[in-house]
Structure formats: C-alpha cells, structure tokens
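Beneath this line is the structure, given in structure tokens, with notes to follow.
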Amino acid sequence: MTRDREPADLFVIGGGINGCGIARDAAGRGLSVRLAEMGDLAQATSSSSTKLFHGGLRYLEYFEFRLVREALIEREVLLEAMPHIAWPLRFVLPYHPEMRFESETPTSRLLNRVMPWMKGRRPAWLIRLGLFLYDHLGGRKILPGTRTLDLTTAPEGAPLKPEFRRAFEYSDCWIEDSRLVVLNARDAAAHGAEIMTRTRVVEAAREGDLWRIELEDVETGARWATHARMLVNAGGPWVGQVIRDVAHIPSREGVRLVRGSHIVTRKLFEHDKAYFFQGTDGRIIFAIPYERDFTLIGTTDADHPDPAEPVVCTEEEQDYLLDFASQYFARPVTREDVVWTYAGVRPLYDDGAKSATAATRDYVLSLDDAEGAPLLNVFGGKITTYRRLAEAALEKIGRHFPKAGAPWTARAPLPGGDFPVDGVEALISDLAAAYPALAPEEARRLVRAYGTEARRLMDAAGGPGRSFGAGLTEAELGWLMRHEYARTAEDVVWRRTKLGLRLTAAEVAEIDAWMAEQRRERDDARAAE
C-alpha cells in the first residue's frame, strides 16, 4: 500500500540527534520531510551519552583543532537556544605528576621525542597550555575561563585523596540529551515534518529520480510505502546496515562501533562541579553531579562490532570505572554505591585508528548521487555539533534543492527555550506561585525539562492531577503522550525524564498501565470517526 500524497523532499532514517537535527533544519528551510525511527526517539546512542555540550578537551591531544573549535563555538550558540535543558558546568581537573598521555596520540609521540625523560607523563605546563587553547579557540563570551585551585583549602579538594593538592578549573556545559532529541523532533514537526516513531524502514529502492521506501509499523505489523526525492541515512549504529541491507548499495565506507559505558552512583560529593580525572593509562573519565542525589561516572571506550548485540555496561567496565574513580576519591567507590548503569554505541567513521579511543569523533557526510535519486549517509558526530552537522548536510545536498531557504537554526530557540540564559530562576518562581501545591524541587524539575512550556503543561490540564510517584503527574504524562511521542513508561522514566532512578517497579507498572489505557481510548476514538 502506498500512502503518498506526493513525494517528500527528504526521507530521514533514524530518530537520534543527527536525524532529528537534519529534519528540523530541512523543514525550517521549506523542504517537505518525513522521518522514521524504528523505536522511540533517542532510544539508542542519543540517550546514552555523558550528557555534555563540550569541545572535547582531550581531542586537542589528537590535533583535532577544527573539531574542537567548532564544538566550542557551538556550546554558547546552543546555550542560548535551550537554556532550560542546557546550562554551564564547571570542571575540576586535579593534577598529579604521574598523569600520562594515551600512548598513540600525536601529542604523546611528539613529547616522547623531544622530552623522552617524561616517559609519557603530562607536564602541568602542557595541561595549562591546552586549557588556554580551550578558553580561546571558540571565542568564549558567556562561560568563565580557566583558573587554578588549591585543593588543600578549596571545598572541591575535600572528597579527594590528599596527594591531589592542585587542580585546574574550566568550563563546559551540561545537556539533557534525550530531551534535546525530542525537542528537535517537535520543532521539525512544527515546521511541517512528519515524525513516525515505532516505524521500521524495511527496504529502500531507487525508482528513477525517487526513492521508494517500504515501512512497517513495529507494533501492528502493518506495511505501506512512501516516496522521497532524497534518502538521508542517519541510522546511527545501524548506518552500515541501512546501506547494505535496506538500500542494497555496495560501499567501501564503514562505521566503527565504539561502546561507551557509564555508572550512576549515590552522591559522592556535595558541591555542584564535575571532575575530570586522568588515569595512569592515559584515559580520562568524568564524575558529574547527576539528578540532585547521584553522581554520573563515565565513560569507557570499547569496540562493539555487532549492533545487534545488547549494549550494556559490562561487569568489567563497571570495575574499570569504579577502580578509576577510586584512584581519586578518598573513600573508595564500590559496587554497593552503584544504583544504575547504561551504555551506548557511538557510530564513528572508520578511519583505521588503532584503538577505539583514538577513532575520530568528527562527522563524515557521504553523498551518493551518481545512480539516480541521491542518498546521504551520516557517519559519526558529537552531540555538541549536531546542529552544525545538520547545516553541513543541508549545504552538501543544496544543489538538489535550489529553492531551499537559508541556514536559520543558530540561536533559534527549541520549544520551551524562548527565555534568557539567566532566566531559569524567574520561571521557577512564576510556576511555583501559580501552583503553590508544587514542591519547590518539582517546580525546578518541570522548568528544567519544559522551560516556558512548564506553565502551559500545567494550565492545559488544569493542575497536576493524579500523582504516580516521584513528582510525575497525570498532567505531565498526558503532555508527553500528546506532544512528545511518548508511548510507554520506559519512554517517560528513562528518556523524557530520569525518574526511573526514584520510582519503584510497581509505580512504573502503574504508569505503563495508565498510558496503555490512554492509547486504547485514543485509538477507539479514531476508529469511531
């Protein structure tokens, strides 16, 4: 069955950050866009990041200056567009003379030649030089610069072992990664895009100057076909599979799947800054304040050859992160501290690097337009540069759509982000005043999730309504189902929010049952029309 009214300009495969970012940019330029995601939005890689908008300080060791500069510039562009789900975060980098480079970086090879007596150790002056570049490569305006801390007197030194006496403090940004994806999808839809979740692309084939795309509803099994002038493969970990098994196109380009795993522990320190820890093996991890009562620790880098294999934080990876963090914290971090783990697979462009850590984080856009209808394959990328990746994608395909509008997304607010960077506290006060029954921490959570739409969410429902635990109400659940493509409890408690850290299994089951009933009522109403 074909449902086409007319072919779309773009058909995007993949509802992660790159797919939704491209759909939003293209729709805002006046192109007709359809997007299919086989699961929930941000269900794979895009909900499993370390949740940072950052330039990538360690990429300077690989001389990835263009990538770092682009990411640093983007931090502040994005802060202005989404001040509800992104905010500045200060990082404390403790220094110790035994810190070492990852052995295969260009910087380590250079230092080993000119300073062989260092034996791979990072000198303090080199770290400070890197932070100087980090402060100035991106034309920083909003975020404060680097400073030096005396850990023997600063509160940031209290949780650490006494041998760490000095640290550097610098700026990066936090981002609610899953919400970033959903808000891009919503804005794409507001500009006319059709967003189809739980919809698998079964096959795509060229028919002259069009693509014929066969789709399947993964919940009902129903199949239909649609057409588009261009296919955009933003399949993330499945990008190679889409090329080979869906579009049936021979290609020598490959994707390197690198698993990044994280652990979430009980709160390990009281202040609101994050730590950047460097290991004796040259690797780095972060320890970040998380959801008020927890600490997020990650990430690992391990090759993950098969996207069909379950993506989990392995026992070995948990032990690695616990041992790494325990080299810094005065009180060892143990398995008993861990409350949750998660992992995601980064679909990096296969540049032939020797190790997963060394593989490029830059994005590669490959256009195949020699055999008829064009295909754009998206490899790699960082969450920080998703908007620039989308702009680059539209620039690359521009000759196929000469009537498309100009770039527009820089500082264009995402839904709920139409307020000043320093306006969060005023929004929280306004919401709390309008709904006095809301606990202060719930007013803050709602504003941090929905920005200026938090008041609209509550007003539309006439108040919070039934409570399901941990502050999650009927008003919020209804909003997420109507406006944010949520269909199950998992969508809500682990992606739209992180309330799964606070809810019991019985409460999650109750949420799932309520959402299932809402879906049945909606389906029955549609059938009766």
Side-chain angles (χ1 to χ4, degrees), residues 47-52 58 89-100 102 149 151-152 154-167 169 174 177 258-304 309-345 356-357 470 493-494 497-505 507-508:
S47 60
S48 302
S49 75
T50 313
K51 309 180 195 313
L52 301 176
R58 73 180 181 89
L89 184 62
R90 294 290 279 176
F91 285 77
V92 176
L93 193 165
Y95 177 73
H96 190 276
E98 292 304 311
M99 291 171 177
R100 295 179 182 273
E102 201 276 325
L149 294 179
L151 294 179
T152 64
E156 296 82 1
L160 304 180
K161 291 180 177 179
E163 56 261 38
F164 298 104
R165 305 176 61 84
R166 179 186 180 193
E169 183 183 299
W174 176 263
D177 53 3
V258 175
R259 185 176 64 252
S261 293
H262 302 77
I263 59 175
V264 175
T265 71
R266 66 172 188 81
K267 193 174 187 179
L268 300 179
F269 47 89
E270 294 300 323
H271 59 78
D272 61 357
K273 297 175 183 177
Y275 289 104
F276 179 118
F277 292 153
Q278 303 176 89
T280 55
D281 61 355
R283 295 261 310 117
I284 67 101
I285 62 168
F286 298 105
I288 307 170
Y290 189 59
E291 296 292 318
R292 299 195 314 273
D293 299 318
F294 306 96
T295 300
L296 172 63
I297 300 175
T299 180
T300 60
D301 277 319
D303 284 313
H304 189 91
E309 285 294 315
V311 183
V312 297
C313 180
T314 66
E315 298 286 323
E316 293 78 12
E317 287 173 314
Q318 291 182 51
D319 288 340
Y320 174 83
L321 293 171
L322 291 168
D323 291 344
F324 200 144
S326 296
Q327 293 172 25
Y328 280 82
F329 287 116
R331 192 192 71 79
V333 191
T334 68
R335 283 289 181 93
E336 287 68 35
D337 293 311
V338 177
V339 297
W340 183 47
T341 68
Y342 69 90
V345 173
T357 302
V493 306
W494 292 117
T497 75
K498 292 296 183 289
L499 293 176
L501 290 166
R502 305 177 187 280
L503 290 161
T504 66
E507 288 169 332
V508 173

How close do [X] and [Y] get, counting heavy atoms only, and between which atoms?
X	Y	value
Q278	P94	NE2-O, 4.1 Å
P159	L268	CB-O, 4.3 Å
T295	R266	OG1-O, 3.7 Å
V92	L151	CG1-CD2, 4.5 Å
L321	G298	CD2-CA, 4.1 Å
A274	L89	CB-CD2, 4.1 Å

Less than 4.5 Å apart, any side-chain heavy atom of [X] and any of [Y]?
X	Y	answer
C313	I263	yes
V258	D303	yes
R90	H271	no

At what distance, to the nearest 0.5 angstrom, does [atom1] of [X] lie from [atom2] of [Y]?
X	Y	atom1	atom2	answer
R166	H96	CZ	NE2	13.0 Å
L499	E507	CG	CD	10.0 Å
L160	F329	CG	CZ	6.5 Å

Query raised in the report: Hey, mind stepping through R502 and R292 against side-chain contact (heavy atoms from CB on, under 4.5 Å) and telling me if it holds?
Result: CA-CA 11 Å; R502 305 177 187 280; R292 299 195 314 273; 3.8 Å; yes
**Report entry** Stepwise ring-ring contact (aromatic ring centres under 6.0 Å, His included) check, F164 with Y95
**Finding:** CA-CA 6 Å; F164 298 104; Y95 177 73; 9.4 Å; no
Check for a donor-acceptor pair, side chain of [X] on one end and backbone N or O of [Y] on the other, with a separation under 3.5 Å.
X	Y	answer
K161	S326	yes
Y275	E156	yes
T300	G260	no
D337	T334	yes
T299	H262	no
S48	A343	yes

Query raised in the report: With the threshold set at 4.0 Å, does a side-chain nitrogen-carboxylate oxygen contact exist between E291 and K51?
Result: no
Requested in this report: Run the salt-bridge test on E317 and R259 with the 4.0 Å N-O cut-off and return the result as yes or no.
Outcome: yes
Query raised in the report: F277 and F324: ring-ring contact (aromatic ring centres under 6.0 Å, His included), yes or no, with the steps?
Result: CA-CA 8 Å; F277 292 153; F324 200 144; 7.2 Å; no
Requested in this report: Report the C-alpha separation of L52 and W174 in whole Å, then their side-chain angles, then the decisive distance to 0.1 Å, and conclude whether the side-chain contact (heavy atoms from CB on, under 4.5 Å) test is met.
Outcome: CA-CA 5 Å; L52 301 176; W174 176 263; 4.0 Å; yes
Query raised in the report: Do we get K498 above Y342's six-membered ring, with its NZ or CZ under 6.0 Å from the centre and within 45° of the axis?
Result: no
**Report entry** Whether W340 and W494 hold their rings parallel, tilted or perpendicular, with breakpoints at 30° and 60°
**Finding:** parallel
